[in-house]
Number of protein chains: 2
Amino acid sequence: MQPNTEVTHGDTRGELQRLVGRNLRRVRLESSTSQDTFAAQLGYARSYMGDIERGVRNITLKSLEELASRAGIAPMALPVPDDEYGHGSG
Amino acid sequence: MQPNTEVTHGDTRGELQRLVGRNLRRVRLESSTSQDTFAAQLGYARSYMGDIERGVRNITLKSLEELASRAGIAPMALPVPDDEYGHGSG
C-alpha cells in the first residue's frame, strides 16, 4: 500500500476496525461466551481476539473473511454499521 | 495476524477484495474516468489502483477507509454486495 499524499476527510480512520470489533463482540455475547472460550473455539490467541474486539487491529480483508468464516457468519456481518447490526446479517 | 489452524467454509477467501475491486470500478465508471485519471485524482499509483480493481490486493481496513475517503464515498460502499451496490451507498 503506498498512498503518496495523506488526504483525510475528517479523521474517521480506524472506525471500520472499531466497528468490526463491536460487531465481533456482539456475535460473541449472543452466545454468552467469554473471550477465552470464543478465542479457543475459533483457534485464535486470546490477545489477538481481544485486540480485534477493542478495534486496535488493522486487519486485512482476507483476515476479516477468515475471522467471519471461523465465527460462522458472513464476512459482511462484521463491518456492518451499528444501527444495521442483526438485520439479515450472517 | 496469527491464525493457528486453517479452517475454511468453502473457499470464498479473497471474495471481499474482489468485491471491493468491482465496486471501486463501478465508482470510477460512474464518472466515465480512466484508471490513469482516477488513480491520479486519488493520489495513488496506477498499478496499485489496477490491482485493487482486479481484486488482487489484500488491503487492510484502514487502507479501505483511506481509499473510500479519497474517492469521496463511505467506506461501507466498497465491500457492499454486488446486488446492493448503489442502494444508499456513499
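Given the structure is predicted, the values throughout are model-derived calculations rather than measurements.
In terms of heavy-atom proximity, Met76(A) sits nearest to Pro79(B) at SD-O, 2.8 Å. The two atoms that bring Arg13(B) and Glu66(A) nearest to each other are CD-OE1, 3.7 Å, heavy atoms only.
In this structure, the side chain to side chain contact (heavy atoms under 4.5 Å, CB included) partners of Asn58(B), at least two apart in sequence or on a different chain, are Thr60(A), Leu61(A), Lys62(A), Gln17(B).
Heavy atoms of other residues, nucleotides or ligands lying less than 6.0 angstrom from CZ of Arg25(A) number 12 at most. Other residues, nucleotides and ligands contribute more than 12 heavy atoms inside 6.0 Å of the CZ atom of Arg26(A).
For Leu64(A), the part lying under 4.5 angstrom from a heavy atom of chain B is the side chain only.
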